[in-house]
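Here the structure comes first, spelled out in structure tokens, and everything after it is commentary.
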Amino acid sequence: MTWNADQYLTFHDLRLRPALDLLNRIPGIEPRELVDLGCGPGNLTGLLLQRWPQAQVLGVDSSPAMLERARARWPALTWIEADLSRWMPREAVDLVFSNAALHWVDDHPHQLRRLAGMLADDGVLAVQMPANFSAPSHRLIRDIAARPEWSAVLGEARMGAVLDADAYHTLLSACFATVDVWQTTYFQVLQGEHGVFDWLAGTTLVPYFSRLDVVQRDAFGAALREELSAAYPVRTDGSVLFPFTRTFMVARTPQIVVSRETC
Ligand SMILES: C[S@@+](CC[C@H](N)C(=O)[O-])C[C@H]1O[C@@H](n2cnc3c(N)ncnc32)[C@H](O)[C@@H]1O
């Protein structure tokens, strides 16, 4: 997948808000070492450093373009190019933070156990993921990609997936002493008829556009914009309303220090 930091950062303020909501729910800990998994251009990693300036901060991401942007902004931090579904820290860390990234990898029961296994005794896991996969925006991308003219080239494209929030609570409760899971729907106001398309172009569409050449991208984009315009009509003030639900989880004190098998 080829990520574009500029496109992603177009909606910086709206994308930042859930990340801040997650950050604000992290209890009063003093991490010595923390990791930002799927750190992207490093905007959250920088905020983690601001909150815990004494901490050793690691940013992990698989996109060289995103890491280049992150490194340019925060050269003193440690940036690691790696697949977050396999990467492990050398030593246990006190905080694993992951905003809008974990949904890109499969097998969340396995991944949550792995994340619990990265943490020190009183460590904290803080994760936010989109839970909008059944919304018209995401459904329309899948519907168009399944059409005969696109299915051959886009059949393997995957926009990520999440479990239901209660499933995360159950999984985390087997691994951590304290668990807090919640969802929030943000009623995002985007400007212009194609605001939803522009939003999706920075994230959800990345695996689709990565498989298309410029001409195909224009054609797929035109078909999607038409459908999105009907699903998210322009309001009298020229904006479109884009409800977006997200799942949050903050868990503390991994129990696998007692028995790795139970979690
Ligand atoms: C939507 S961005 C979020 C970036 C950042 N966490 C933020 O909140 O601004 C998703 C990031 O996850 C990264 N990503 C996706 N799959 C990954 C994987 N398997 N391993 C590491 N990073 C991954 C992408 O490269 C991208 O930078």
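In listed order, ligands and their atoms are each counted from 1.
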Problem - Residue from Leu22, Asn99, Leu49 passing side-chain contact (heavy atoms from CB on, under 4.5 Å) with Leu44 - result: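 Only match with Leu44 under side-chain contact (heavy atoms from CB on, under 4.5 Å): Asn99.
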
Going by the order shown, which atoms of ligand 1 are within less than 4.0 Å of some heavy atom of [X]?
X      : value
Ala101 : 12 (O)
Val105 : 19 (N)
Leu44  : 7 (C), 8 (O), 9 (O)
Asp83  : 18 (C), 19 (N), 20 (N)
Ser63  : 25 (O)
Gly40  : 4 (C), 27 (O)

Problem - Proximity of Asn43 to ligand 1 by residue part, where a heavy atom lies under 4.0 Å - result: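 Answer for Asn43: side chain.
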
Practice task
Would you tell me which option among Leu84, Leu67, Asp61 has the nearest heavy-atom contact to atom 26 (C) of ligand 1?
Solution key: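 That would be Asp61.
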
Exercise for the section: Select the closest option to atom 2 (S) of ligand 1 among Gly59, Ala19, Ala100, judged by heavy-atom distance. Expected result: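 Nearest heavy atom to atom 2 (S) of ligand 1 lies in Ala100.
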
Handout entry: Heavy-atom gap Ala82 to ligand 1 smaller than 4.0 Å
Key =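 Yes, Ala82 has a heavy atom closer than 4.0 Å to ligand 1.
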
Handout entry: Non-hydrogen atom of Cys39 closer than 4.0 Å to ligand 1
Key =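 Yes.
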
Exercise for the section: Please work out which of the three classes, parallel, tilted or perpendicular, describes the rings of Phe220 and Phe209, given edges at 30° and 60°. Expected result: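 Phe209 vs Phe220 ring planes: perpendicular.
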
Exercise for the section: Fit a plane to each ring of Phe242 and Trp199, take the angle between them on a 0 to 90° scale, and name the class: parallel (under 30°), tilted (30 to 60°) or perpendicular (over 60°). Expected result: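 Perpendicular: the ring planes of Phe242 and Trp199 meet at over 60°.
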
Exercise for the section: Using distance alone, decide if ligand 1 has a nitrogen or oxygen within less than 3.5 Å of any nitrogen or oxygen in Ser85. Expected result: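 By distance alone, the answer is no.
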
Problem - Ser62, any N or O under 3.5 Å of ligand 1 N or O - result: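 For ligand 1, there is an N or O atom that lies under 3.5 Å from one belonging to Ser62.
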
Exercise for the section: Look at atom CZ of Arg158 and say whether more than 12 heavy atoms of other residues, nucleotides or ligands are closer to it than 6.0 Å. Expected result: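 Yes, CZ of Arg158 has more than 12 neighbouring heavy atoms, counting only those of other groups under 6.0 Å.
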
Practice task
Verify the neighbour count for atom CD of Glu226: are there more than 12 heavy atoms of other residues, nucleotides or ligands below 6.0 Å?
Solution key: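 Atom CD in Glu226 is not crowded, with 12 or fewer foreign heavy atoms closer than 6.0 Å.
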
Practice task
Could you name each residue pair satisfying ring-ring contact (aromatic ring centres under 6.0 Å, His included) that touches residues 50-109, not counting sequence neighbours?
Solution key: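 Every pair satisfying ring-ring contact (aromatic ring centres under 6.0 Å, His included) with a residue in residues 50-109: Trp3-Trp104, His108-Tyr168.
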
Practice task
Answer yes if the side chains of Ser173 and His169 hold a donor-acceptor pair under 3.5 Å, and no otherwise.
Solution key: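 Checked: Ser173/His169 side chains pair up, N/O donor to acceptor below 3.5 Å.
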
Handout entry: Ser229-Glu193 side chain donor-acceptor pair, cut-off 3.5 Å
Key =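 Looking only at side-chain atoms, Glu193 and Ser229 do form a donor-acceptor pair, the distance falling under 3.5 Å.
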
Practice task
Evaluate side chain to side chain contact (heavy atoms under 4.5 Å, CB included) for Val35 paired with Val96, printing each intermediate quantity in order.
Solution key: CA-CA 5 Å; Val35 58; Val96 172; 3.8 Å; yes

